[in-house]
Protein chains: 2
Amino acid sequence: MAPVPRYQQIAAILRARIEAGKLAPGQRIPSEPTLMQEFGVARNTARHAIGLLRDEELVVTVPGVGTFVRSR
Amino acid sequence: MAPVPRYQQIAAILRARIEAGKLAPGQRIPSEPTLMQEFGVARNTARHAIGLLRDEELVVTVPGVGTFVRSR
DNA sequence: CTATATTTGTGCGTATGTATG
DNA sequence: ACATACATACGCACAAATATA
């Protein structure tokens, strides 16, 4: 039984928040350190989750600033 | 083989200076850029070391000013 | 009051090492 | 060999707070 990787779980949670409007377009999603604390994971794992959302073009990352929900 | 992380080493050095009175209560400890140069580390690493001392309540940080040895 | 420099706060990019299944 | 996950540590950029000229 393949357990769902945590980075996928975290991505799913963030995706749900975005689709529920809890994270609105243009809004900044929680930073990597925040996700680290909220989910109790390492930075790599938090980054991996964000990377999935970026691949889906749900979010856009601005280096040094943050990651934002994409407007549509 | 776990080498002692540099941020722990730096924290230990600063802690020793404090306990030896080389850094007296109320006195400002070296700034982050100074620690970077003195120990040849990145800012994150210097900050990590300071963070440990802050967790131990050996120092207090004032944003925009510096980090000071705690009085007791 | 304005402008500049200093210092800390925050956030992301990247690389490497360790450990486990 | 590979994927997952944590830890360490380098870097860059910009903002906020403070001090000083």
Side-chain angles (χ1 to χ4, degrees), chain A residues 1-18 22-72, chain B residues 1-19 21-72:
Chain A
M1 308 294 284
V4 178
R6 302 176 85 166
Y7 66 84
Q8 282 186 16
Q9 295 178 20
I10 294 170
I13 291 170
L14 295 176
R15 197 181 300 116
R17 287 184 192 168
I18 290 171
K22 292 176 182 174
L23 291 173
Q27 186 179 348
R28 196 174 74 86
I29 73 171
S31 70
E32 291 170 1
T34 301
L35 293 176
M36 288 169 67
Q37 189 160 30
E38 177 175 356
F39 296 103
V41 296
R43 194 184 159 200
N44 287 355
T45 306
R47 280 180 61 75
H48 199 158
I50 294 173
L52 293 183
L53 302 180
R54 196 162 42 230
D55 289 347
E56 298 168 16
E57 298 188 326
L58 277 179
V59 299
V60 177
T61 296
V62 182
V65 181
T67 297
F68 301 83
V69 179
R70 217 179 165 199
S71 313
R72 49 182 130 168
Chain B
M1 309 296 284
V4 178
R6 288 203 231 191
Y7 67 85
Q8 282 186 16
Q9 295 178 19
I10 294 171
I13 291 170
L14 295 177
R15 196 181 301 115
R17 287 185 193 167
I18 290 171
E19 285 165 0
K22 292 177 184 173
L23 291 172
Q27 186 180 348
R28 207 196 68 142
I29 73 171
S31 70
E32 291 169 3
T34 300
L35 293 176
M36 288 170 67
Q37 189 160 29
E38 177 175 356
F39 296 104
V41 296
R43 197 181 157 202
N44 287 353
T45 306
R47 283 179 61 78
H48 199 159
I50 294 173
L52 293 183
L53 302 180
R54 198 164 39 233
D55 289 346
E56 299 168 17
E57 297 187 328
L58 277 179
V59 299
V60 177
T61 296
V62 182
V65 182
T67 297
F68 301 83
V69 180
R70 216 179 167 199
S71 314
R72 44 180 138 169

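Numbered from 1 within each chain, the chains take letters A, B, ... in sequence-line order.
Within the 4.0 angstrom heavy-atom criterion, only backbone atoms of the sugar-phosphate kind lie near A:G40; the bases stay farther away.
Residue A:M36 contributes atom CE, which lies 12 Å from atom P of C:dG11 at whole-angstrom precision. As rounded to whole Å, 16 Å separates atom C1' of D:dC10 from atom CD of B:E32. In this entry the distance linking CD of A:Q37 with C1' of C:dG11 reads 15 Å, nearest Å. Rounded to an integer number of Å, the gap from CG of A:L35 to P of C:dC12 is 8 Å. Rounded to an integer number of Å, the gap from NE2 of A:H48 to C1' of C:dT14 is 15 Å. Rounded to an integer number of Å, the gap from CZ of A:R28 to C1' of D:dA15 is 12 Å. Rounded to whole Å, the distance from CD on A:Q9 to P on D:dA3 is 19 Å. Taking atom CZ of residue B:F68 and atom C1' of nucleotide D:dA19, one finds them 11 Å apart after rounding to whole Å.
The side chain of B:T67 places no N or O atom within less than 4.0 Å of a non-bridging phosphate oxygen (OP1 or OP2) of C:dT7. For B:T45, a side-chain nitrogen or oxygen approaches OP1 or OP2 of D:dC10 to under 4.0 Å. Of the side-chain N and O atoms in B:Y7, one or more sit less than 4.0 angstrom from OP1 or OP2 of D:dT8. Distances shorter than 4.0 Å separate some side-chain N or O of A:R47 from OP1 or OP2 on C:dG13. Residue B:R43 places no side-chain N or O under 4.0 Å from the OP1 or OP2 atom of C:dT10. For C:dT10, neither phosphate oxygen OP1 nor OP2 lies less than 4.0 angstrom from any side-chain nitrogen or oxygen of A:S31.
Closest approach to the B:P63 side chain among D:dC10, D:dA17, C:dG11 is made by D:dA17 (side chain taken as heavy atoms from C-beta onward). Distances were taken from every side-chain heavy atom of A:N44 (C-beta onward) to each of C:dC12, C:dA15, D:dC10; the shortest belongs to C:dA15. The side chain of B:V65 lies closest to D:dA19 when the candidates are D:dA19, D:dT4, D:dA7.
Summarising the base pairing, D:dC14 is matched to C:dG9 through a Watson-Crick or G-U wobble pair whose two defining distances lie under 3.5 Å.
In terms of modelled atom types and a separation under 3.5 Å, the side chain of B:E32 and the main chain of B:A46 share no donor-acceptor contact. In this structure a side-chain-to-backbone donor-acceptor pair under 3.5 Å is present from A:Q27 to A:A24.
For B:Q37, the CD atom counts as loosely surrounded, since its 6.0 Å shell holds 12 or fewer non-hydrogen atoms of other residues, nucleotides or ligands.
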How far apart are the C-alpha atoms of B:T61 and B:R54, what are their side-chain angles, what is the distance that settles it, and do they pass the side-chain hydrogen bond (donor to acceptor under 3.5 Å, both in side chains) test? CA-CA 8 Å; B:T61 296; B:R54 198 164 39 233; 2.6 Å; yes

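Using a cutoff of 4.0 Å between basic side-chain nitrogens and carboxylate oxygens, A:E38 and A:R17 are scored as salt-bridged.
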